[in-house]
Amino acid sequence: MKIATWNVNSIRARLPNVLDWLVKAAPDVVLLQELKTIDQNFPAMEIQELGYNCAIHGQKSYNGVAILSKHPLSDVSTGLAGDKDDNQARYVEAFIEAGDESVRVASIYLPNGNPIDTDKYLYKLEWMDRLGKHAADLLRSEEPVVLGGDYNVIPADGDCYDVAVWANDALFQPEIRAKFRSILNLGYSDAWRDLHTETHVYSFWDYQRGAWQKNNGIRIDHLLLSPQAADRLARCEIDIGPRGRAKASDHTPVWCELTT
DNA sequence: ATGCCGGGCGAAGCCCGA
């Protein structure tokens, strides 16, 4: 089963690119972030025509996450547990029913947290704590689980082009990276890192300053696998193709292949 | 590395992203 994550930076602005990639890459499951639209304006018809079921958790203008699946979706839940007052659409989870390939997945849009001396940073810390609690709960099911999304965390120095540039950024703070590691330490695997040793491979390039052309990127889109999913991990790749297209998102898809 | 892009909203210019 091929499972991808992609921050599309507006599903409506990106629809032609997304549809093309769905046809070309043929993933079974896609975890989308930054829909930037409400559920009613999500282009479900066009995506369903390619054979995908949709679980949508939209929001006007900002955030918004979705799960696309060629297999039936069940047990859909929206929002991350632990804070009833959090109304930002950053989490959707579902069970993918596919016989002996069944898997539970979540699409995650972790808060950016910049600037670091503001409430936005505190919100990021709090959100990561809640994600860790929920991730721990999910492990107790002993199911294969894939938590994929835009984590807004640069895990290690080699995951960005210049550590000096990112030193004061929320994505690079030691306590943020420690919280990300603490989720891994529960028992999750960073699928891409587990299968690759090379550094300076990225999933995001800024629109500005010719970042794409100069390969000034960061690796912040991750697929975290529970042990039961990691045991089935056959492949994990970053497809930089979509980033080079006209009207590209600033993120590109990351995908993994789970076997039985 | 400071928003120089790019998207949403809404009809200019501001908010937001990483």
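These values consider heavy atoms only, across backbone and side chains, with no hydrogens, waters or symmetry-generated copies. Here is the naming used below: chain letters follow the sequence lines, and residue numbers restart at 1 for every chain.
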In whole angstroms, how far is the P atom of B:dA1 from the CG atom of A:Asn168? 11 Å

Test salt bridge (charged side-chain N to carboxylate O under 4.0 Å, His left out) on A:Arg219 and A:Asp190; report intermediate values, then the result. CA-CA 11 Å; A:Arg219 192 175 70 90; A:Asp190 173 348; 3.0 Å; yes

Measure the distance from OH on A:Tyr123 to C1' on B:dG17 and round it to the nearest whole Å. 14 Å

Contact class for A:Tyr151 vs. all strands (heavy atom < 4.0 Å): base, sugar-phosphate, or nothing? nothing

Closest-nucleotide 5' rank along DNA chain B - winner of A:Val165 and A:Phe204: A:Val165

Using atom CD1 of A:Ile154 as one end and atom P of B:dA1 as the other, report the distance to the nearest whole Å. 15 Å

Could you tell me whether A:Lys124 contacts a base, only the sugar-phosphate backbone, or nothing, with contacts defined as non-hydrogen atoms closer than 4.0 Å? nothing

Salt bridge (charged side-chain N to carboxylate O under 4.0 Å, His left out) between A:Asp100 and A:Arg232, intermediate numbers included: CA-CA 11 Å; A:Asp100 57 0; A:Arg232 289 164 43 184; over 6 Å; no

Atom C1', compared across B:dG3 and B:dG13: separation rounded to whole Å: 15 Å

Scoring nucleotides 3-12 of chain B by protein non-hydrogen atoms under 4.0 Å (B base, S sugar-phosphate only, - none) yields BBBSSSS---

Sugar-phosphate only, base, or nothing, as touched by A:Asn152 at under 4.0 Å among non-hydrogen atoms: sugar-phosphate

Should the pair A:Glu175-A:Lys179 be classified as a salt bridge under the 4.0 Å nitrogen-to-oxygen rule? no

Comparing A:Tyr161 with A:Gly113, nearest DNA chain B nucleotide closer to 5' gives the residue A:Tyr161

Determine, for A:Tyr109 and A:Arg90, whether the Lys NZ or Arg CZ falls below 6.0 Å from the six-membered ring centre while staying within 45 degrees of the axis. yes

Between B:dG10 and B:dC4 - P atom distance, rounded Å: 22 Å

Quick one: label A:Asn7 by what it contacts on the DNA or RNA (base, sugar-phosphate, nothing), any heavy atom closer than 4.0 Å. sugar-phosphate

Distance, P atom - from B:dC14 to B:dA1, rounded to whole angstrom: 24 Å

Between P on B:dT2 and CG on A:Asp117, what's the gap in Å once rounded to a whole number? 11 Å

Is the closest side-chain donor-acceptor distance between A:Trp205 and A:Asn216 under 3.5 Å? no

Please report the distance separating the C1' of B:dG7 from the corresponding atom of B:dA12, rounded so that it comes out in whole Å. 16 Å

By side-chain contact (heavy atoms from CB on, under 4.5 Å) - contacts of A:Gln48 (at least two apart): A:Ala44, A:Cys54

Around atom CG of A:Asp137, are there more than 12 heavy atoms from other residues, nucleotides or ligands closer than 6.0 Å? yes

